Every structure is written in structure tokens, then in C-alpha cells.
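First up is the structure itself, then whatever we jot down about it.
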Amino acid sequence: MARKCSTCQHIKRAEIDRRLAAGEPGNQIASDYDLNPSSLHRHRSNCLGLGSSNAIMKEVSRGTAAVACLPTKDDLNNAYFDLRGQIDQIVSQARAEGSLQVALSGLNSIRHTLDSLSRLAGFDRQGAQVNVAVQTNVQFDLALIAERVIQKFDGEPEMKARIAQALLEVDDEQAA
């Protein structure tokens, strides 16, 4: 029967696993949590499936380098504006030459460019539905309110009848 992993049983396992996944040296972690370094190494490779701390740090640096190579929002914005200018020139030339198909294609490209710009600027999310939960603890007597409304229109029998009819309809809807 195989022994249970002592690191898996440790009370601070989540913290240990987080530090291992971050690429911290195993000897330092073992020292901090009073663990056997070879046991911690077995836990890293067998239980977590992680490579050495050096391998993890190499992967982290590759990821950081990849992110650094991505264009910034400003770079993308400038590129879209340059592209829009080029598309405008193509559309103008197509209109002058009477090539409707090319002009329509150019206009469609401008539309896509503007859509992309609005996504970059975050304008595509302004109309998004926002759910807001509001809790109200209001106590009221609907019968009392209805009675007061009917009394207010006591001198107007037609209005009083319409209000009473509306209240009956609401009552019927609630009963259904």
C-alpha cells in the first residue's frame, strides 16, 4: 500500500501549492513549512504535475515576454485610424470611377473598422443590460390605498367606475 503524501496532508497545502506553482524554490518552501525537501519535490512532480522551479520561471518569463510583444491599445487605435484613412481613399476613388461594388465593399470595411474601434473604446458595452437587485421593505395596505383613490373621485362617477374596474382587473390577474 502506497504512503499518503505528507504535503497533501499539510494544513497549509493551498499556500504551499500556490508558492510551488509560482516557481519559488522548493528548499525555501520546505524550510518555511518544516517539510522534507525530497517529499516536497515528490509532491510537486507527482501530485501537482509541475516541473522544477527553474522550468516554471522560464515559462513565466516567456509569458511575460509574449505579453510585452503585444501591441498596446494606443498602437491598435492608431493602426485602425490609419486603416480607416486608407479605406476612405479607396472608397473615394471607387466613387469617382463609378465602381459601385468596390465602393460598397469599402464602406463595409469602414463599418467593420468603426465597430472594432468602438469595441476597443468599450462603447459596445454601454447598452448592455445591467442587473441590479434592490431590496425594499415597504409595508402598505392596498385596500386602504384603493379606498382613498376611490374617495378622491367620489364626485366623478365615470372616473370612479374606471378605477374600480382597473382594480378588479388587477385582482383577477393576481388570482390567476
Side-chain angles (χ1 to χ4, degrees), residues 1-95 99-140 173-174 176:
M1 182 177 214
R3 288 186 349 195
K4 291 185 177 184
C5 174
S6 60
T7 306
C8 284
Q9 304 300 315
H10 198 280
I11 193 164
K12 302 262 184 166
R13 178 186 174 185
E15 200 172 301
I16 294 167
D17 289 351
R18 181 190 53 75
R19 289 179 66 184
L20 287 170
E24 288 189 44
N27 287 337
Q28 179 63 47
I29 297 170
S31 171
D32 291 348
Y33 295 99
D34 200 27
L35 294 168
N36 183 316
S38 62
S39 173
L40 186 63
H41 174 75
R42 282 191 305 276
H43 174 73
R44 177 198 313 257
S45 58
N46 298 340
C47 301
L48 299 179
L50 294 173
S52 68
S53 62
N54 286 338
I56 292 170
M57 293 312 288
K58 281 182 186 177
E59 289 299 316
V60 168
S61 66
R62 284 186 190 132
T64 303
V67 169
C69 290
L70 291 174
T72 65
K73 188 175 180 180
D74 289 336
D75 291 340
L76 287 172
N77 192 25
N78 291 336
Y80 273 113
F81 277 116
D82 291 345
L83 179 63
R84 186 178 73 178
Q86 291 174 5
I87 293 170
D88 286 341
Q89 289 174 354
I90 292 169
V91 170
S92 296
Q93 183 180 354
R95 281 185 183 150
S99 176
L100 186 59
Q101 184 65 28
V102 175
L104 288 175
S105 176
L107 289 171
N108 193 34
S109 294
I110 289 174
R111 184 182 60 82
H112 285 296
T113 302
L114 292 176
D115 288 347
S116 296
L117 281 172
S118 69
R119 281 193 301 278
L120 283 173
F123 294 126
D124 63 326
R125 292 178 290 281
Q126 283 185 345
Q129 182 180 2
V130 177
N131 295 325
V132 177
V134 178
Q135 182 179 1
T136 57
N137 295 323
V138 178
Q139 299 290 330
F140 65 91
E173 288 175 9
Q174 289 179 348

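When reading the values below, keep in mind they use all heavy atoms of this one structure, side chains included, and skip hydrogens, waters and symmetry mates. Numbers for residues simply follow the sequence, beginning at 1. Just so you know, these numbers come straight off a predicted model, no measurement behind them.
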Open item on the list: Please tell me whether Ser38 and Asn36 have a donor and an acceptor in their side chains that are separated by less than 3.5 angstrom.
Closed with: yes
Open item on the list: Testing the basics here: between His43 and Cys5, what is the closest heavy-atom pair and its distance to 0.1 Å?
Closed with: ND1-SG, 3.4 Å
- [ ] Could you check if a side-chain atom of Thr7 sits within less than 4.5 angstrom of a side-chain atom of Arg42, using non-hydrogen atoms only?
- [x] no
TODO: Please examine the side chains of Ser53 and Glu24, heavy atoms only from C-beta on, and report whether any two atoms are closer than 4.5 Å.
DONE: no
Task: Passing option when Tyr33 is tested against His10, Gln28, Glu15 for side-chain hydrogen bond (donor to acceptor under 3.5 Å, both in side chains) - done: Glu15
Task: Arg18 side, atom CZ; Arg13 side, atom CZ - distance, nearest 0.5 Å - done: 14.5 Å
Open item on the list: Can you confirm whether Leu40 sits close enough to Leu20 that some side-chain heavy atom of one is under 4.5 Å from a side-chain heavy atom of the other?
Closed with: yes
- [ ] Working to the nearest 0.5 Å, report the span between CZ of Arg44 and OG of Ser52.
- [x] 7.0 Å
Open item on the list: Would you say that Ile16 contacts Asp32 through its side chain, given a criterion of any heavy-atom pair below 4.5 Å between the two side chains?
Closed with: no
Task: Shortest non-hydrogen contact between Ser39 and Ser6, atoms and distance - done: OG-OG, 2.9 Å
